[in-house]
Number of protein chains: 2
Amino acid sequence: MASIDEIAKLCNVSKTTVSRVLNNHPYVSKEKREQILKVIKELDYTPSSLARSLRTSKTHTIAVSVPSIDHPFFAQLIKGISHEALTYSYKSLIFQTFYNQAVELELMELLRNKEVDGIILGALENEWELIEPFLKYGPILLCNEYHPSADIPIIGYDEFEAASKAVSYLIEKGHQKIGFCYDHSYSEAQRQRKAGYRKALLAHKLPHKKEWLFGKAFDIEDGFRIFNEIYKLKEKPTALFTGSDQVAAGIIKKAVSSGYKIPEDLAVIGYDNQLICQVSAPAITTIDIPIMELGQQAARILIQSIKQQAELKREVVRLATKLIIREST
Amino acid sequence: MASIDEIAKLCNVSKTTVSRVLNNHPYVSKEKREQILKVIKELDYTPSSLARSLRTSKTHTIAVSVPSIDHPFFAQLIKGISHEALTYSYKSLIFQTFYNQAVELELMELLRNKEVDGIILGALENEWELIEPFLKYGPILLCNEYHPSADIPIIGYDEFEAASKAVSYLIEKGHQKIGFCYDHSYSEAQRQRKAGYRKALLAHKLPHKKEWLFGKAFDIEDGFRIFNEIYKLKEKPTALFTGSDQVAAGIIKKAVSSGYKIPEDLAVIGYDNQLICQVSAPAITTIDIPIMELGQQAARILIQSIKQQAELKREVVRLATKLIIREST
DNA sequence: TTAATTTCTGAAATCGATAACATGTCAACA
DNA sequence: TGTTGACATGTTATCGATTTCAGAAATTAA
């Protein structure tokens, strides 16, 4: 590859002048500018961004961490981020932590080492106290994660409102015995969701029984298991807010093959509005989360702060969710 | 961030010596080595990989291009690649082309500019002739794509065998009227698949009718449409090889709600063994593709060639697929 | 004891760019 | 006519590492 020196030599100018042309600085005579541009084009020269980054300590790259790309939610989140970043001519480096704390810290090193200009955390593996010191090396923000005190932007959606909206809808439909599925992460998100569920029940003075709470609800298999648990209950819920499309799909599949009629015998609401909602028979009522927008907002805020060299402050953005009504309720 | 000079100064040695320690060179006295290591640890110093890359023109990064991450197949492929790369301490830069040729060429520029050490193309947007010139800047390989003459490794699976296996199974089950769905890309993959379908039919002297070929088969909606087309046919196929789980799911969904019994009235085989096969009711018989292995092999071959600075030669790897039998056949 | 190696160390060049600073024109203006 | 400022260009330092080369010290061989 040609370097800036070669271009300079060929044009009989100093590399400073070439650099000026490259960066659209004023004070370069028309003739030289044109000649230099011509030679650049002829040699198909492109400046080394490695050298540039080293000198300017700007990389035009943001890093995004997710547990694993292999999950439709995160895949879409990344799509939103990358797409938005691209419109600002920023590259995005995708980092899968595979739920590994050490990998997340490696990512932080990239920031310290100026290999990326900023970081979007799509998940938080380590304690915030371990992440926080890296803030002095560049902007970090949380997307789809929450922390009660971290002094950075937090882009998410209103889990509380989403959950209470879903449960209220079930109540409107006449249900009085409503169950709830949750995973076992002690995340703020889970707490909010549960609080929303509670609030809706309380508002209508409905009971919430311990037996109607189902833990470890992640995937389809969990759905199978949970249906079996329900099946054995003496007093069964007539409706379920599952907090996951996959769990909902599993429950429905098993219920149907056990002779249940959905939604007559059991109404089920998912979460995320993933593809499988449409495939499931009956199709699943769910909460639609504006995932792409989530990613786009996060990317936009981060990149803007990078460009303006403005420090990021705490700022909690909550995008609106939507209840998508289908056949399972 | 501390730099190598600071470490050198603190230890009263030249940075050359520090560099030697960093790179495990011999000929550094025990005392100095230990002292330097101690100071490095105290300052929590890590060398700038930007500077390193600039000097050595090695980045320890491979780039992966896919059309969009937002597709379970590619998401898994990337997972396989990234995971394998990680075991070699290589980073992977994921590049979504969004089906855009220019973006793919930008990726090639990264190789020319020595921002990455090699490239895995998970899709091919441009003509090979446009890509080929970049081979002189570093190794490139094709994964899940095929080109009849490109002189690089091609990691894929045997589409021909997979298709003929699927169709043969339908024949074994007694079907004589078997349809086929395809998308409209004129890719080698599609050709192979169709050829496999044909071969199985011919081997059993079964007819293949034009009316049983259904084009533009990508997603669930296409499945809906295709079922409608089938429904209108005078002579209907009794089985379908769809070439896509999503299409299969769409067809099944529509068929069931139209009163069809699956597989009695219509047997359906998907392709990819995605999650939705299990959610669909009935669950979908499909072809399982070792996606993770595909990615792992690709990463391994690429990284090894980078490490050994060996040029890559044409080499067509075809991993085995598996027929997963479920309820839809 | 001298010559030849091996071990250890550092100065300076290099990778490819940008930034700071210096200098030289040339026109406008008092 | 001398001063000022806009324009145009180049020299040198710098980012943070590795590499080349050269020389000194210690060890071994003759």
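Since the model is a prediction, treat every value here as computed from it, not as a measurement.
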Q. Of all residues at least two apart in sequence or in a different chain, which pass the ring-ring contact (aromatic ring centres under 6.0 Å, His included) check with A:Phe73?
A. none
Q: State plainly whether the residues A:Lys91 and B:Glu115 are in salt-bridge range, i.e. N to O under 4.0 Å.
A: yes
Q. Are there more than 12 heavy atoms of other residues, nucleotides or ligands under 6.0 Å from atom CD of B:Glu129?
A. yes
**Q.** Pairs involving residues 303-318 of chain B, ordered by first then second residue, that meet side-chain hydrogen bond (donor to acceptor under 3.5 Å, both in side chains) (sequence neighbours left out)
**A.** B:Tyr146-B:Arg314
Q. Between the side chains of B:Gln190 and B:Asp183, does any donor sit under 3.5 Å from an acceptor?
A. yes
Q. With a cut-off of 6.0 Å (strictly less than), are more than 12 heavy atoms of other residues, nucleotides or ligands near NE2 of B:His83?
A. no
Q. Taking the side chain as C-beta and beyond, is there a heavy-atom pair between B:Val316 and B:Ile155 under 4.5 Å?
A. no
Q | Side chains of A:Val13 and A:Val18 in contact at under 4.5 Å (non-hydrogen atoms) | A | yes
Q. Quick one: are B:Asn144 and B:Ile291 in side-chain contact, heavy atoms under 4.5 Å?
A. no
Q: Strictly below 4.0 Å, heavy-atom distances to any atom of DNA chain D: list the hits from residues 35-51 of chain A, or just say none.
A: none
Q | By ring-ring contact (aromatic ring centres under 6.0 Å, His included) - contacts of A:Phe134 (at least two apart) | A | none
Under 3.5 Å, which protein N or O atoms sit close to an N or O of nucleotides 9-12 of chain D? Give each pair with its distance.
from, atom 1, to, atom 2, distance (Å)
D:dT9, OP1, A:Ser29, OG, 3.3
D:dT9, OP1, A:Lys32, NZ, 3.3
D:dT9, OP2, A:Ser29, N, 2.9
D:dT9, OP2, A:Ser29, OG, 3.3
D:dT9, O4, A:Arg20, NH2, 3.3
D:dG10, OP2, A:Ser14, N, 2.8
D:dG10, OP2, A:Ser14, OG, 3.4
D:dG10, OP2, A:Thr17, OG1, 3.0
D:dG10, O6, A:Arg20, NH2, 2.9
D:dT11, O4, A:Thr16, OG1, 2.8

**Q.** Side chain proximity check, B:Glu104 to B:Ile131, heavy atoms < 4.5 angstrom
**A.** yes
Could you go through nucleotides 25-28 of chain D and list every protein N or O atom that sits under 3.5 Å from one of its N or O atoms, giving the distance for each pair?
none

Q. Taking NE2 from A:His25 and C1' from D:dC7, how many angstroms apart are they, rounded to a whole number?
A. 15 Å
**Q.** Short N-O contact, A:Glu109 and A:Arg112, less than 4.0 angstrom
**A.** yes
Q: Could you check if a side-chain atom of B:Leu319 sits within less than 4.5 angstrom of a side-chain atom of B:Ile289, using non-hydrogen atoms only?
A: no
Q) Distance-only, no hydrogens or angles: does the A:Asp117 side chain make a donor-acceptor pair with backbone N or O of A:Ile306 under 3.5 Å? A) no
Q) NA contact type, A:Asn23, heavy-atom cut-off 4.0 Å: base, sugar-phosphate, or nothing? A) sugar-phosphate
(Q) According to ring-ring contact (aromatic ring centres under 6.0 Å, His included), who are the partners of A:Tyr137, at least two apart in sequence or on a separate chain? (A) none
Q. OP1 or OP2 of D:dT14 sitting under 4.0 Å from any side-chain N/O of A:Arg55?
A. no
Q. Residues in ring-ring contact (aromatic ring centres under 6.0 Å, His included) with B:Phe95, at least two apart?
A. none
Q: Using five base pairs at each end, measure the axis-to-axis angle across the helix from C:dT1-D:dA30 to C:dA30-D:dT1 and round it to 10 degrees.
A: 50°
(Q) What range of DNA chain C does chain B touch, first nucleotide to last, counting atoms under 4.0 Å from its heavy atoms? (A) C:dT7 to C:dG16
Q) What residues form a salt bridge (Lys or Arg N to Asp or Glu O under 4.0 Å) with B:Glu34, not counting sequence neighbours? A) none
Q) Looking at residues 105-119 of chain A, who's got a heavy atom less than 4.0 Å off DNA chain D? A) none
(Q) Looking at B:His147, I'd like to know if its NE2 atom is crowded, meaning that more than 12 non-hydrogen atoms belonging to other residues, nucleotides or ligands lie closer than 6.0 Å. (A) yes
